[in-house]
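Each ligand, and each atom within it, is numbered from 1 in the order the structure gives. Quick note: numbers below take in every heavy atom, side chains included, and nothing from hydrogens, waters or symmetry partners.
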Amino acid sequence: MRKYVIAGNWKMNMTPAQTKDLINQMKPLVADATCDVVLCVPYVDIAAAVEAANGSNIKIGAENIHWAQSGAFTGEISGEMLKAAGAQYVIIGHSERRQYFGETDDTVNARLKAAIASGLTPIVCVGETLEQREKNITVETVAMQTKIAFRDISADDAVNTIIAYEPVWAIGTGKTATDEQADEVNGAIRNVIKEIYGIDTAEKIVIQYGGSMNAKNAAGLLAKQHIDGGLIGGASLKAEDFSVIVKAAK
Ligand code: PGA
C-alpha cells in the first residue's frame, strides 16, 4: 500500500515571521493526518519553518536544489546546505523553473542525483503544456520527462522518489484536470516506471497530482487509483484549506 503524501509548495511567498504564523495555525489542524504532510518553502524560510514545525507531523522541504556540492554558483543552494537547515524534501523541475529559469530534463536529472546523494526526498515534477495536450502528446511528453529525470537512478533510489504530475495549464489557473484526466496520466507515468524498473517499484512509487488542487476537488482526485497525494500551491497558503486536503488523503 502506498502512503499518501500531501505537500505544499509555497513558491515565492511568506517571510520567516509569516512562516511561523502559518505553520502554528496548521499544526493543530493536521495533527491527526494519516498521510505524510510536507511544506516546501523558500530557502530563507526553512529555518523558521523547521523551528515552528518541531514536534509536529509537518515536515519541511525546499523548492529547488543545485546539482553541485559547493562552488562558484552564485545564488544557488546545495543539498548539504538544505539538509543542515533541516529540510527533508525538495521539489525538482517544477514547471515554473522550466518555464522561467531555463531548467531542462537534463538539469532535473542532475538535481535529482544531488538530492538523492544528500539524503533528501525528491519531488520530481512533470507535466504537459496546453499546446502539448491539444496536440495529443501528453503521455509522450511526461514519459520523456520521466525517463530523462530517472536516467542512471537505481531502483532503490527511484522507489523513494516522489513524482508530481502537474499539467502546466492547471497550475495557478483554477483549471484542474478532471479526476479521470489526472488518473490517466498518473497511470501512464506509473507504466513508464514499470518499463524502467519493473512492477515492484512501479507499485510502490508515490505519484502526486498538482495543479489547482483545492479543498473542494481534492477528495475526488485522491480517490483515484494512481493519485497518491498532491502538490498544492495556492491552497497551501491557507491553513484551513490545506488541512481539508490533508484530511481527504486517507
Ligand atoms: P497551484 O500550484 O495549486 O497553485 O495550481 C501547484 C504547483 O505549482 O505545485
Distance under 4.0 Å to a non-hydrogen atom of [X]: what atoms of ligand 1 satisfy this?
X	value
His94	7 (C), 8 (O), 9 (O)
Gly172	1 (P), 4 (O), 5 (O)
Ile171	2 (O), 5 (O), 8 (O)

Assess whether atom NZ of Lys194 is packed by more than 12 heavy atoms of other residues, nucleotides or ligands within 6.0 Å.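 Result for NZ/Lys194: open.
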
Answer with yes or no whether Ala235 contacts ligand 1, where contact means a heavy atom under 4.0 Å from a ligand atom.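 So Ala235 does not count as touching ligand 1.
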
Nearest protein heavy-atom contact for [atom]: which residue, which atom, what distance?
atom	answer
atom 4 (O) of ligand 1	Gly234 N, 2.9 Å
atom 3 (O) of ligand 1	Gly233 N, 2.9 Å
atom 9 (O) of ligand 1	Glu166 OE2, 2.6 Å

Output yes when the distance from some N or O of ligand 1 to some N or O of [X] is under 3.5 Å, and no in every other case.
X	value
Ile232	no
Gly211	no
Lys11	yes
Ser212	yes
Gly210	no

Is [X] salt-bridged to [Y], cutoff N-O under 4.0 Å?
X	Y	answer
Glu63	Arg97	no
Glu128	Arg133	yes
Lys147	Asp105	no
Asp106	Arg151	yes

Expected output: side-chain Tyr209 to main-chain Ala177 donor-acceptor under 3.5 Å: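 Flag set: sc Tyr209 to bb Ala177 pair under 3.5 Å.
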
Gap separating the CD1 atom of Ile205 from the CG atom of Asp228, nearest 0.5 angstrom: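 It is 9.5 Å, given to the nearest 0.5 Å.
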
Kindly compute the distance separating CD (Glu76) from CE (Met81), expressed to the nearest 0.5 Å.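 The CE atom of Met81 is 10.0 Å from CD of Glu76, to the nearest 0.5 Å.
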
Would you say that Met26 contacts Ile58 through its side chain, given a criterion of any heavy-atom pair below 4.5 Å between the two side chains?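 They are in side-chain contact.
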
Can you tell me which portion of Ala170 lies within the under-4.0 Å heavy-atom range of ligand 1? Options are side chain, backbone, both, or neither.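 Contact part for Ala170 vs ligand 1: backbone (N, CA, C, O).
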
What part of Asn9, side chain, backbone, both or neither, has a heavy atom within less than 4.0 angstrom of ligand 1?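 The answer is the side chain of Asn9.
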
